[in-house]
Amino acid sequence: MCHVIVTCRSMLWTLLSIVVAFAELIAFMSADWLVGKARSRGGAEPAGPGGGSPEPYHPTLGIYARCIQNPGMQHFQRDTLCGPYAESFGEIASGFWQATAIFLAVGIFILCMVALVSVFTMCVQSIMKKSIFNVCGLLQGIAGLFLILGLILYPAGWGCQKAIDYCGHYASAYKPGDCSLGWAFYTAIGGTVLTFICAVFSAQAEIATSSDKVQEEIEEGKNLICLL
C-alpha cells in the first residue's frame, strides 16, 4: 500500500531540487558565460554618440557555444547566430573548459537524477531500509562539489585564444579582459549554492516525513497524509 505523504518541508525540497537541476542545465547549455566587448553591426568598433552608426551588439561566449552577428540577416531584428562553436569535445577552446564541461556535466546529471527521484518521495520514503531523503541529500552534496570544481576551473581558461578573440589581448587566466560575466555564470553559481541548501534541507524533509504524527496517520489507515 502506498501512503502518499506530503509535508511543507518535503514539498519545498522537491521543488528546489527540480529548480536547481533545470537552472544548472540551462546555464551549462547557454552561450552567455562571457559577454564580449561591444562591436558595431559591420564588425568594426562602435562609433561614439552621434556617429550615426547602428546600435552595437555584444557577442557572447559559453563553454562550448557562442552568439555572434549573423551576416546574412543584418536587416532583421533578430540578427544574432547562436550555436556550438565546437563540433566535438576536443574542439572546446581550452583544456580547462573541457574539464569544466566534464565536472558540470557529472554534477548536472546527478542533480537531474535526484530531481526525478524526489518526485516519488511522496509515496516512497526508503529503499533497502535507507532513507531516500538522506541518500538524495548526500548525492546533492557530491553534485555540488563537482559544480564547484567546474566553476573554479572555468576562469582559468580565459587566457585561451578563443577568449582573447572575444575579450581582447588583456584577457588571461582569471582575468576576463574587456569581457564581462554573463547571466549563465551567475546562474551556475546561484544553482551551486542552492544545491548545498537542498542537501541540508533534505535532512529536514526526512525528519518531517518520519515524525510521530505521520506514523500515527499511517497506523490509522490513511493513504493521503498532508502535514504542514
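Side chains included, hydrogens not; waters and symmetry mates left out as well; all remaining heavy atoms used.
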(request) Under the side chain to side chain contact (heavy atoms under 4.5 Å, CB included) rule, what do L34 and L181 come out as? Steps first, then yes or no, please. (result) CA-CA 5 Å; L34 282 176; L181 298 177; 3.9 Å; yes
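- Here F146 contributes atom CZ and I148 contributes atom CD1; the two are 12.0 Å apart, rounded to the nearest 0.5 Å.
- Between P59 and R66, the closest side-chain pair of non-hydrogen atoms is not below 4.5 Å.
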(request) Tell me, with the steps shown, if L61 and D165 meet side chain to side chain contact (heavy atoms under 4.5 Å, CB included). (result) CA-CA 10 Å; L61 180 65; D165 292 340; over 6 Å; no
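- A donor-acceptor pair is defined here as one N or O able to donate and one able to accept, closer than 3.5 Å; such a pair exists between the side chain of T192 and the backbone of A188.
- Put simply, CG on D178 and OH on Y166 are 14.5 Å apart, with the number rounded to the nearest 0.5 Å.
- In plain terms, the two heavy atoms of A199 and G141 that are nearest each other are CB-N, 3.9 Å.
- Note that CG of L12 is 10.5 Å distant from CD1 of I197, once rounded to the nearest 0.5 Å.
- Residues F196 and V20 do not share a hydrophobic cluster, defined by chaining ILVMFWY side chains whose heavy atoms lie under 4.5 Å apart.
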(message) What verdict does the side chain to side chain contact (heavy atoms under 4.5 Å, CB included) test give for L145 and L149, after you've listed the backbone C-alpha separation in whole Å, the side-chain angles of each residue and the deciding distance to 0.1 Å?
(response) CA-CA 6 Å; L145 294 178; L149 288 174; 5.7 Å; no
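- Interatomic distance, I102 CD1 to W97 CH2, rounded to the nearest 0.5 Å: 15.5 Å.
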(request) For S30 and W183, run side chain to side chain contact (heavy atoms under 4.5 Å, CB included): C-alpha distance rounded to whole Å, both residues' side-chain angles, the deciding distance at 0.1 Å, then the answer. (result) CA-CA 9 Å; S30 173; W183 65 264; 3.3 Å; yes
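- Nearest heavy-atom pair across Q98 and G90 is NE2-O, 3.4 Å.
- Nearest heavy atoms, V114 versus W13: CG1-CZ2, 4.3 Å.
- In this structure, L16 and C198 approach most closely via the heavy-atom pair CB-SG, 3.5 Å.
- We find the CG-CG distance between L104 and L25 to be 11.0 Å, quoted to the nearest 0.5 Å.
- Residue-environment remark: CZ (F22) stays at or below the threshold of 12 foreign heavy atoms within 6.0 Å.
- Cluster membership for I108 and I26, using ILVMFWY side-chain heavy atoms within less than 4.5 angstrom, is not shared.
- Between E24 and L111 the shortest heavy-atom distance is CG-CD1, 4.0 Å.
- Considering only residues two or more places apart in sequence or on other chains, F185 meets the ring pair (Phe, Tyr, Trp, His ring centres under 6.0 Å) condition with W33, Y154.
- Under the 4.5 Å side-chain heavy-atom criterion for Ile, Leu, Val, Met, Phe, Trp and Tyr, F109 and F103 are members of distinct hydrophobic clusters.
- Heavy-atom contacts from other residues, nucleotides or ligands closer than 6.0 Å to CD of Q161 number more than 12.
- Scanning both residues, Y174 and I152, for their nearest heavy atoms gives OH-O, 2.9 Å.
- Atom CZ of F201 has more than 12 heavy atoms from other residues, nucleotides or ligands within 6.0 Å.
- Grouping the Ile, Leu, Val, Met, Phe, Trp and Tyr side chains by contacts below 4.5 angstrom, directly or via other members, places L151 with L194.
- In this structure, the side chain of S118 engages the main chain of A115 through a donor-acceptor pair within 3.5 Å.
- No more than 12 heavy-atom neighbours from other residues, nucleotides or ligands sit within 6.0 angstrom of CE on M29.
- A donor-acceptor pair under 3.5 Å is formed between the side chain of Y85 and the backbone N or O of I63.
- For the disulfide bond (SG atoms under 2.5 Å apart) test, no residue two or more places apart in sequence or in another chain qualifies with C136.
- Under the 4.5 Å side-chain heavy-atom criterion for Ile, Leu, Val, Met, Phe, Trp and Tyr, Y64 and L147 are members of the same hydrophobic cluster.
- Between the SG atom of C82 and the CG atom of D32 there is a distance of 7.0 Å, given to the nearest 0.5 Å.
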